[in-house]
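Each remark here refers to the structure printed beneath this line.
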Amino acid sequence: MQGIEGKLRTLIDAEAIAARVKELGAQITAAHQGQDVVVICVLKGSILFCADLVRQIDLPLTIEFLGLRSYEDGTETSGVVQITSDLTKPIEGKDVIVVEDIVDTGLTMQYLLENLETRRPRSVKLASLLHKPARTRVPVTIDYLGFTVDDVFVIGYGLDYAQRYRNLPFIGVLSP
Ligand code: IMP
């Protein structure tokens, strides 16, 4: 990629991502039979994962988008989260699947899952492409997990560094 030649190392290639997303889609299809499923795509990081995942789920689901901003305290999320763009429909009585790019400290998802519970959905499950268990500050149950990663800053396939590199088709690590 222009500007970061020689600094970018592939961590999870596009083929491995596609294979895992296919498995997760099959798992979700089997687990949510007969349900009224709403997939919530958390902006912006999960757009690529969500777009690929929903194509592997064979259910008559609907898709909603939700924008979140996590305020940073030094290098990590402070736990103060703002909804910058909310759902367009109520989720009362619905079976919600939240699709997130990465669970790092867990603070962002803890906030969002608690917020969604107040809207009285029938069920809420979390699908996350990545999890960094070494950084956990609050435990969050990930029902559908793509990959576990070490404590490194990852970019690509939706994940950004200063809003760039979301369009990389694989997950990589930037070395200094
Ligand atoms: P948490 O609240 O600490 O779990 O942070 C979650 C959010 O931080 C994610 O939705 C990402 O937007 C961002 N984030 C955490 N780790 C990384 C990373 O390695 N690369 C890019 N974004 C990250």
Side-chain angles (χ1 to χ4, degrees), residues 1-14 16-18 20-21 24 28 38-54 63-87 91 96-118 124-176:
M1 161 89 42
Q2 282 178 38
I4 49 172
E5 296 92 345
K7 291 186 186 166
L8 181 61
R9 176 170 64 85
T10 302
L11 192 65
I12 307 170
D13 67 24
I17 296 170
R20 187 72 189 115
V21 169
L24 292 176
I28 290 170
V38 181
V39 167
I40 298 181
C41 175
V42 181
L43 299 172
K44 303 172 186 167
S46 73
I47 51 164
L48 301 194
F49 174 44
C50 193
D52 286 342
L53 183 63
V54 290
I63 303 175
E64 285 283 324
F65 297 93
L66 192 138
L68 286 182
R69 180 185 299 146
S70 305
Y71 288 94
E72 288 184 2
D73 179 8
T75 55
E76 69 177 34
T77 317
S78 64
V80 180
V81 184
Q82 185 192 351
I83 293 180
T84 54
S85 170
D86 207 347
L87 307 177
I91 53 167
V96 169
I97 303 173
V98 176
V99 179
E100 172 66 315
D101 54 354
I102 185 165
V103 175
D104 186 26
T105 63
L107 288 163
T108 304
M109 274 306 104
Q110 182 192 48
Y111 169 86
L112 179 62
L113 296 173
E114 278 177 9
N115 179 292
L116 293 177
E117 282 299 345
T118 66
V124 180
K125 300 285 181 196
L126 173 61
S128 183
L129 177 66
L130 303 173
H131 182 213
K132 267 192 218 172
R135 304 243 313 161
T136 300
R137 285 190 42 203
V138 288
V140 170
T141 302
I142 303 173
D143 303 282
Y144 308 108
L145 173 63
F147 303 91
T148 295
V149 291
D150 292 338
D151 186 6
V152 288
F153 195 81
V154 290
I155 57 167
Y157 196 65
L159 291 127
D160 73 304
Y161 171 66
Q163 295 301 325
R164 300 197 191 275
Y165 315 119
R166 294 190 196 274
N167 56 323
L168 286 171
F170 57 90
I171 295 163
V173 179
L174 269 183
S175 50

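These numbers come from a predicted model, not from an experiment. Just follow the structure's listing: the first ligand is 1, and inside any ligand the first atom is 1.
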Using a strict 4.0 Å cut-off to heavy atoms of Val152, name the atoms of ligand 1 that fall inside it. 19 (O)

Donor-acceptor pairs are to be reported for all side-chain atoms of residues 41-49 against protein atoms at under 3.5 Å, with residues two or more places apart or in another chain.
residue: Lys44; atom: NZ; partner: Gln163; partner atom: OE1; Å: 3.2
residue: Ser46; atom: OG; partner: Val42; partner atom: N; Å: 3.1
residue: Ser46; atom: OG; partner: Val42; partner atom: O; Å: 2.7
residue: Ser46; atom: OG; partner: Val99; partner atom: O; Å: 2.9

Could you tell me if any non-hydrogen atom of Val154 lies under 4.0 Å from any atom of ligand 1? yes

Taking atom types as modelled, is there a side-chain donor on Asn167 or Tyr157 under 3.5 Å from an acceptor on the other? no

Test item, Gln110 contacting ligand 1 (heavy atom, 4.0 angstrom): no

Kindly say whether Gly67 contributes a backbone atom to a donor-acceptor pair with the side chain of Thr84 at under 3.5 angstrom? yes

Given 3.5 Å as the limit, does a donor-acceptor pair link the side chain of Ser85 with the main chain of Leu66, or not? no

Using a 4.0 Å heavy-atom cut-off, which part of Arg137 comes near ligand 1: side chain, backbone, both, or neither? neither

Using a 4.0 Å cut-off to any heavy atom of Thr108, which atoms of ligand 1 qualify? 1 (P), 2 (O), 5 (O), 6 (C)

With a heavy-atom distance limit of 4.0 Å, tell me whether Leu159 approaches ligand 1 through its side chain, its backbone, both, or neither. side chain

Where is the tightest heavy-atom contact between Leu53 and Ala127, given as atom of each residue plus distance? CD2-CB, 4.3 Å

Among Ile142, Thr141, Asp143, whose side-chain contact (heavy atoms from CB on, under 4.5 Å) with Leu145 holds? Ile142

If you measure from each heavy atom of Asp160 to ligand 1, is any distance below 4.0 Å? yes

Here the atoms of ligand 1 under 4.0 Å from any heavy atom belonging to Thr105 are 1 (P), 2 (O), 3 (O), 4 (O)

Got more than 12 heavy atoms from elsewhere within 6.0 Å of OH, Tyr161? no

Any idea which part of Glu100 is under 4.0 Å from ligand 1, heavy-atom wise: side chain, backbone, both or neither? side chain

Whether Gly106 lies under 4.0 Å from ligand 1, heavy atom: yes

